[in-house]
2 protein chains.
Amino acid sequence: MSLPHALMTSLLEKSCSGYDLARRFEKSIGYFWRASHQQIYRELGRMEEAGWIRSEAAEDAGKSRKRVYEVLPAGQEELKRWALEPVDPPSPRDEFFVKLRTDAVMGPLGLEAEIERRMGLHKLRLAAYRAIEARDFAGKTLSRLGEIQYLILRAGIMQEEGLVKWSEEALGVLADEKTLKNKNLGDLK
Amino acid sequence: MSLPHALMTSLLEKSCSGYDLARRFEKSIGYFWRASHQQIYRELGRMEEAGWIRSEAAEDAGKSRKRVYEVLPAGQEELKRWALEPVDPPSPRDEFFVKLRTDAVMGPLGLEAEIERRMGLHKLRLAAYRAIEARDFAGKTLSRLGEIQYLILRAGIMQEEGLVKWSEEALGVLADEKTLKNKNLGDLK
DNA sequence: CCAACCATGTAAGCGGTTACATGATTGG
DNA sequence: CCAATCATGTAACCGCTTACATGGTTGG
């Protein structure tokens with residue numbers, strides 16, 4: 001994935017320190033992208049060496065090592081080039097599907113509780129997205145920036161809605177098995 | 001994610017060689033999980049050392065090095081343990097959303113073509129899933145295994161349907177911008 | 001003064017990708 | 001016989017995660 005480009009995009013919105021970037025990635029951006037501070041500092045170093053960004057000691061640094069990073073024109077060129085580069089959408093890659101298959105092959109292992117737990121997480125994420133929607137986007141006239149931010153948020157909303165719905169189906173299937181088993185036992189009488 | 005467990009699950013369905021596993025992963029399983037042959041051979045070696053699987057020269061080996069792998073009871077225990085281990089669902093992690101954000105920040109970069117290209121890919125995947133659905137699941141009485149396989153497939157179908165729909169929305173938003181720009185110019189008169 | 005937070009790093013290890021390499025078997 | 005496919009590996013590299021480490025600042 002291209003972490004450097006994600007970082008530059010964030011820096012373009014507002015120049016800041018590595019620490020600030022790490023915090024931003026935990027919040028808004030972090031819903032669809034995660035980055036640890038170790039990664040971020042490393043990439044900042046590389047990008048500065050490449051001439052994509054530059055840094056200077058922060059005005060409010062005092063005796064701390066705080067540095068503020070800023071995107072250079074070369075970085076902006078690189079961003080444009082990268083943005084238009086075609087990349088195929090990733091495939092799911094959720095190991096829970098493998099676990100379901102394991103359950104299918106090895107007989108019932110009792111995955112219902114885990115499905116319910118995950119459904120809860122999806123509902124939480126969905127609620128968080130809906131809150132952002134209500135606060136920032138719903139029923140407002142949006143700028144170009146806002147329109148696109150909302151578009152990205154809607155991708156997350158659709159995703160989580162789908163997964164909540166699917167989790168319910170999954171519980172249904174695993175429950176049906178028991179009913180079915182009982183039914184078959186009944187038929188044997 | 002746990003490749004060894006995915007491999008063992010596949011081996012439980014049918015014992016086979018590393019090469020066969022690689023091919024299977026490119027087909028059915030590969031729709032939501034990828035693994036290169038290098039990875040597979042390395043993991044097979046590790047799992048054999050751990051006592052989870054064992055191997056013997058294939059009956060049809062001739063002078064080739066072909067080996068057939070089989071899951072041992074210790075491997076089955078490990079599979080059960082792992083299947084019930086809770087793991088949070090992964091977050092999206094599609095770099096295209098970052099690109100959209102870059103477009104939002106740096107002004108229109110012309111991502112429409114890429115969105116259309118990706119929408120085409122999602123439609124292709126969806127068609128492939130629908131074909132499997134029609135061939136193996138639609139309107140049939142399914143075994144427990146079949147029910148779960150179909151459930152997994154439906155997750156893929158929902159995902160791709162959502163992304164096709166979202167791509168259309170995205171094209172709408174990017175097109176609207178132009179209309180809006182023209183409209184605003186008109187208002188200035 | 002001490003805890004919480006700000007701010008930046010190093011090091012080890014793992015999983016995954018790419019490139020390279022080798023030899024056997026099968027079908028045209 | 002030659003190409004394609006079967007079958008198994010090694011080596012280098014990269015990104016990401018986890019754990020560890022250090023020092024400054026702020027608020028109770």
Side-chain angles (χ1 to χ4, degrees), chain A residues 1-8 10-11 15-27 29-30 32-50 53 55-69 82 87-88 90-95 98, chain B residues 1-8 10-11 15-27 29-30 32-50 53 55-69 82 87-88 90-95 98:
Chain A
M1 336 276 171
S2 202
L3 182 56
H5 299 88
L7 293 173
M8 281 199 285
S10 197
L11 284 176
S15 295
C16 67
S17 70
Y19 190 86
D20 292 329
L21 278 174
R23 269 191 318 181
R24 277 203 242 167
F25 264 69
E26 270 181 23
K27 290 178 189 174
I29 309 176
F32 62 91
W33 198 281
R34 303 231 144 238
S36 61
H37 73 274
Q38 294 90 334
Q39 260 181 293
I40 289 173
Y41 288 122
R42 180 158 32 93
E43 294 302 336
L44 284 174
R46 286 181 190 170
M47 286 191 287
E48 188 158 23
E49 205 165 339
I53 61 176
S55 67
E56 49 185 20
E59 290 172 18
D60 65 334
K63 283 178 189 170
S64 83
R65 284 186 290 178
K66 184 173 178 179
R67 301 190 70 75
V68 170
Y69 290 86
W82 166 81
V87 179
D88 289 357
S91 33
R93 221 159 207 314
D94 181 347
E95 73 175 47
V98 180
Chain B
M1 331 272 173
S2 202
L3 182 57
H5 300 87
L7 292 174
M8 280 198 287
S10 197
L11 283 176
S15 295
C16 67
S17 69
Y19 190 86
D20 292 330
L21 278 174
R23 269 190 316 181
R24 278 203 242 167
F25 265 68
E26 269 182 24
K27 290 179 189 172
I29 308 176
F32 62 93
W33 199 281
R34 302 231 144 241
S36 60
H37 74 274
Q38 294 90 335
Q39 261 181 291
I40 289 172
Y41 288 123
R42 178 154 37 94
E43 293 303 335
L44 284 174
R46 286 181 190 170
M47 288 191 287
E48 188 157 25
E49 206 164 340
I53 61 176
S55 66
E56 49 185 20
E59 290 172 17
D60 64 335
K63 284 177 190 170
S64 84
R65 286 186 289 177
K66 184 171 181 181
R67 300 191 71 74
V68 170
Y69 290 85
W82 166 81
V87 178
D88 289 357
S91 34
R93 222 159 208 315
D94 182 347
E95 74 175 47
V98 180

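Just so you know, these numbers come straight off a predicted model, no measurement behind them. Residue numbers begin at 1 in each chain, while the letters A, B, ... track the order of the sequences.
The CD1-C1' distance, from Ile40(A) to dT18(D), rounds to 16 Å in whole Å. Following rounding to the nearest Å, Arg67(B) (CZ) and dT8(D) (P) show an atom-to-atom distance of 9 Å. One atom, OH of Tyr19(A), and another, P of dG24(D), lie 16 Å apart when rounded to the nearest Å. Between the CZ atom of Arg23(B) and the C1' atom of dT8(D) there is a distance of 14 Å, given to the nearest Å. For the pair Gln38(B) CD and dC13(D) C1', the interatomic distance rounds to 13 Å; values are reported in whole Å.
Relative to the side chain of Arg42(A), the nucleotides dT17(D), dA7(D), dT10(D) differ in distance, and dT17(D) lies closest. For Arg46(A), whose side chain is taken as the heavy atoms from C-beta onward, the closest listed nucleotide among dG15(D), dC16(D), dT8(D) is dG15(D).
Under a 3.5 Å cut-off, the side chain of Arg67(B) and the backbone N or O of Ser17(B) do not form any donor-acceptor pair. Remark: side-chain polar atoms of Gln39(A) are paired, donor with acceptor, to backbone N or O of Ser36(A) under 3.5 angstrom. Side-chain atoms of Glu43(A) never come within 3.5 Å of backbone atoms of Leu3(A) as a donor-acceptor pair (strictly under, hydrogens ignored). Without hydrogens or angle criteria, Glu56(A) side chain to Val68(A) main chain gives no donor-acceptor distance under 3.5 Å.
Of the two residues near DNA chain D, Ala35(A) and Asp60(B), the one whose nearest nucleotide lies more 5' is Asp60(B). Each of Arg65(A) and Asp20(B) has a nearest nucleotide on DNA chain D; the 5'-most of these lies closest to Asp20(B).
Evaluation of the side chain to side chain donor-acceptor pair (under 3.5 Å) rule for Arg23(A) yields Asp20(A) as partners, not counting sequence neighbours.
The two residues Ile53(A) and Leu44(A) make their nearest non-hydrogen contact at CD1-O, 3.6 Å.
A 4.0 Å heavy-atom criterion places the boundary nucleotides of DNA chain C facing chain A at dC6(C) to dT10(C), written 5' to 3'.
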